[in-house]
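We number each residue from 1, following the sequence as shown.
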Amino acid sequence: MVNMRIHPGPLNNDLLFLETEHRAYTMFHGGGDLEQVLDVRRGDQGLWKSIRQHAIPEPVKIYIRRAGFEGVFNCGFKPLDHALITALVERWRPETHTFHLPIGEVTVTLQDVQLMWGLRIDGEVVTGRERKWSDADKRDTCYRLLGIRPEESDFKTAQLKTKVLRAVLDTEFPDNPTNEQCMQRARTYILLLLGGSIFSDSNDSSVHMNLVASLEDFDRCSGLSWGSAALACLYRNLCKAATNDKIIAGPLMLLQLWAWSRIRATGPKYDGQNLDTPYGVRWNSSLHFGSVPTHSVSGYRTILHAMMDNEIIFLQFVWTPYDQYLHQVSTDWLCNTYIICWEIVEEYLPSRVMRQFHLMQTIPTVQLADNFVPVMANRVERVHRQAHVQRRTHVDEAGPSNRGERTPSHHDDEAGLSNRGERAPSHHGEQTHFYQGEASGSNTQFTQDTFNTGPVVNFDLNLPWDQNETSEVEEPSLAYL
């Protein structure tokens, strides 16, 4: 058991400054129920029940593969262990986006998303302009892309209730379907996966119309960075749950598979030696849990507390589980950058977990360019970023920047900051805008590569539009609730 009498740390709050706001603070100070687990939300049970009853038709699989989601479907459905998720959240630090274990910092990376689920991690960012959906637009879009015309009661503002999509899967699929019917059914499967698992929220009962529209063109859909979007959503949900939120949602199956592959004592044994890709497919078989303390949060706490780098294999952390699949390390995995999913923008810092890439870990010094911090006016985004504001004593003593403005932070909720600690000017007040660089109209295509900083601290942005244009431009909004 974890010794609650020891000093829980940190001894120095310069890095881990969210001490009293973190859910682990209550645990170490004798408050609350130590056996209480998080309310883990997911809404994809109906999808997988339908797939068990009626396998996805082969003509439909072609379009699922074309859109880039075949790997996630091949991994199948497994129940989530709420106790394991809870124990991991207690080790998650929003300040660094890593789990803090006795053996060091570890985290879920773009490598894990790509190899575990087969999702694309480069390409265009999953975001766009805020669109005002009229009732007619919503119904017409659903009819054109999904083959259904929902009633007004089937929507919650711009959210389509997933019960409507599940009802579609209960209808008989024709023996000789047209291409249009195959595409419509494929979109239905994908939307239930996105809304119920990958991008699920605390309601887990609806999917935004923006996601419906993103599936119109399968070729463009396959070019989107769904992997980085999924990871951004996971980071956001872990941060919220770590700061005493009692509910957690998002791509938690990815987190559980990550734990099973890297923390031996938490993972079940599977039948055979399945070397199919993606990596997560190996658990889509009969599982044997043996001595794994399933559904026991105290048991998982003990395992995480006892982890060490020694000869006890059972308590080792598997730094590189994918060796037999890899011939080289992708530079995409190693970029210190921002990962984005609509209004969600999170820091991705692989420089803190270099041992997960077979590299030597040094003291992390690379920081993202502060003048490239996304600016959000969305209320939910402001609340989240305020929870990340640094409360360092020496920062407070230093006072405001030389522009006479308030003390900046790396998760400032109003404006990006330069590496000199100065607040970047905002020309639009509280208007939501994307980056300090401006976009040229609706044809702008932001890619994940656009936001990669690599090992460079200060960098010049290679704008994906014609820098010689002088016309007035609009900036894309990220409001997506």
Please identify each residue that fulfils salt bridge (charged side-chain N to carboxylate O under 4.0 Å, His left out) with [X], with sequence neighbours left out.
{"X": "Asp112", "value": "Arg262"}
{"X": "Asp137", "value": "none"}
{"X": "Asp135", "value": "Lys138"}
{"X": "Arg42", "value": "Asp44"}

What's the verdict on side chain to side chain donor-acceptor pair (under 3.5 Å) for His208 and Ser206, showing C-alpha distance, side-chain angles and the deciding distance? CA-CA 7 Å; His208 201 280; Ser206 61; over 6 Å; no
At their closest point, which heavy atom of [X] faces which heavy atom of [Y], and how far apart are they?
{"X": "Ala259", "Y": "Leu88", "value": "CB-CD1, 4.0 Å"}
{"X": "Ala249", "Y": "Ser202", "value": "CB-N, 4.2 Å"}
{"X": "Ile198", "Y": "Cys233", "value": "O-SG, 3.7 Å"}
{"X": "Phe69", "Y": "Leu193", "value": "CD2-CD2, 4.4 Å"}
{"X": "Leu215", "Y": "Arg187", "value": "O-NE, 2.8 Å"}
{"X": "Thr162", "Y": "Val207", "value": "CG2-N, 4.2 Å"}

Drop me the distance from [X]'s [atom1] to [Y]'s [atom2], to the nearest 0.5 angstrom.
{"X": "Leu38", "Y": "Leu80", "atom1": "CG", "atom2": "CG", "result": "12.0 Å"}
{"X": "Asp140", "Y": "Ser134", "atom1": "CG", "atom2": "OG", "result": "7.5 Å"}
{"X": "Gln256", "Y": "Trp283", "atom1": "CD", "atom2": "CH2", "result": "10.5 Å"}
{"X": "Leu252", "Y": "Asn237", "atom1": "CG", "atom2": "CG", "result": "6.5 Å"}
{"X": "Gln111", "Y": "Thr320", "atom1": "CD", "atom2": "OG1", "result": "8.5 Å"}
{"X": "Leu257", "Y": "Cys75", "atom1": "CG", "atom2": "SG", "result": "6.5 Å"}

With sequence neighbours excluded, what pairs up with [X] under the ring-ring contact (aromatic ring centres under 6.0 Å, His included) test?
{"X": "Trp133", "result": "none"}
{"X": "Tyr348", "result": "none"}
{"X": "Phe155", "result": "none"}
{"X": "Trp92", "result": "His97, Phe99, Tyr235"}

Steps toward side chain to side chain contact (heavy atoms under 4.5 Å, CB included) verdict (Thr109, Leu231): CA-CA 8 Å; Thr109 68; Leu231 189 59; 5.5 Å; no
Any side-chain heavy-atom pair from [X] and [Y] closer than 4.5 angstrom?
{"X": "Leu334", "Y": "Leu359", "result": "yes"}
{"X": "Leu165", "Y": "Leu47", "result": "no"}
{"X": "Leu146", "Y": "Leu191", "result": "yes"}
{"X": "Val125", "Y": "Ser225", "result": "no"}
{"X": "Gln159", "Y": "Met209", "result": "no"}
{"X": "Ser197", "Y": "Phe77", "result": "no"}
{"X": "Trp258", "Y": "Thr107", "result": "no"}
{"X": "Ser228", "Y": "Ile340", "result": "no"}

Which residues pass the side chain to side chain contact (heavy atoms under 4.5 Å, CB included) test with [X], not counting sequence neighbours?
{"X": "Asn74", "result": "Glu70, Val281"}
{"X": "Lys163", "result": "Asp154, Lys161, Arg166"}
{"X": "Ala186", "result": "Val60, Tyr63, Ile64, Phe218"}

Tell me every residue that passes side-chain hydrogen bond (donor to acceptor under 3.5 Å, both in side chains) with Arg355, counting only those two or more places apart in sequence or in another chain. none
Show, in sequence, the C-alpha distance, side-chain angles and deciding distance for Glu152 and Arg139, and conclude whether the salt bridge (charged side-chain N to carboxylate O under 4.0 Å, His left out) test is met. CA-CA 8 Å; Glu152 291 185 12; Arg139 299 181 67 189; 5.2 Å; no
Distance flag, aromatic centroids of Trp342 and Phe199, threshold under 6.0 Å: no
Ignoring hydrogens and geometry, is there a side-chain-to-backbone donor-acceptor pair from Glu343 to Thr127 under 3.5 Å? no
Whether Asn203 side chain and Ser205 backbone form a donor-acceptor pair below 3.5 Å: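 Side chain of Asn203 to backbone of Ser205: no pair is present.
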Apply the ring pair (Phe, Tyr, Trp, His ring centres under 6.0 Å) test between Tyr322 and each candidate in Tyr279, Phe357, Trp333; give the one that qualifies.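 When Tyr279, Phe357, Trp333 are each tested with Tyr322, the ring pair (Phe, Tyr, Trp, His ring centres under 6.0 Å) holds only for Tyr279.
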Evaluate side chain to side chain contact (heavy atoms under 4.5 Å, CB included) for Asn284 paired with Phe73, printing each intermediate quantity in order. CA-CA 10 Å; Asn284 192 14; Phe73 279 98; over 6 Å; no
Assess the residue pair His358 and Asp323 against the criterion (side chain to side chain donor-acceptor pair (under 3.5 Å)); give the C-alpha distance rounded to whole Å, side-chain angles, the decisive distance to 0.1 Å, and a yes or no. CA-CA 9 Å; His358 263 306; Asp323 283 354; 3.1 Å; yes
With side chain to side chain contact (heavy atoms under 4.5 Å, CB included) as the criterion, how do Leu254 and Met116 come out once you've worked through the C-alpha distance, each side chain's angles and the decisive distance to 0.1 Å? CA-CA 8 Å; Leu254 173 65; Met116 191 70 73; 4.1 Å; yes
Check step by step if side chain to side chain contact (heavy atoms under 4.5 Å, CB included) holds for Arg120 and Trp226. CA-CA 6 Å; Arg120 182 168 183 170; Trp226 293 105; 5.8 Å; no
Is the shortest distance from a Lys or Arg side-chain nitrogen in Arg93 or Glu105 to a carboxylate oxygen in the other one below 4.0 Å? no
Are the charged groups of Arg41 and Asp201 less than 4.0 angstrom apart, N to O?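 No salt bridge links Arg41 with Asp201.
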Answer yes or no: does atom NZ of Lys246 have more than 12 heavy-atom neighbours from other residues, nucleotides or ligands under 6.0 Å?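 No, the 6.0 Å shell around NZ holds no more than 12 heavy atoms from other groups.
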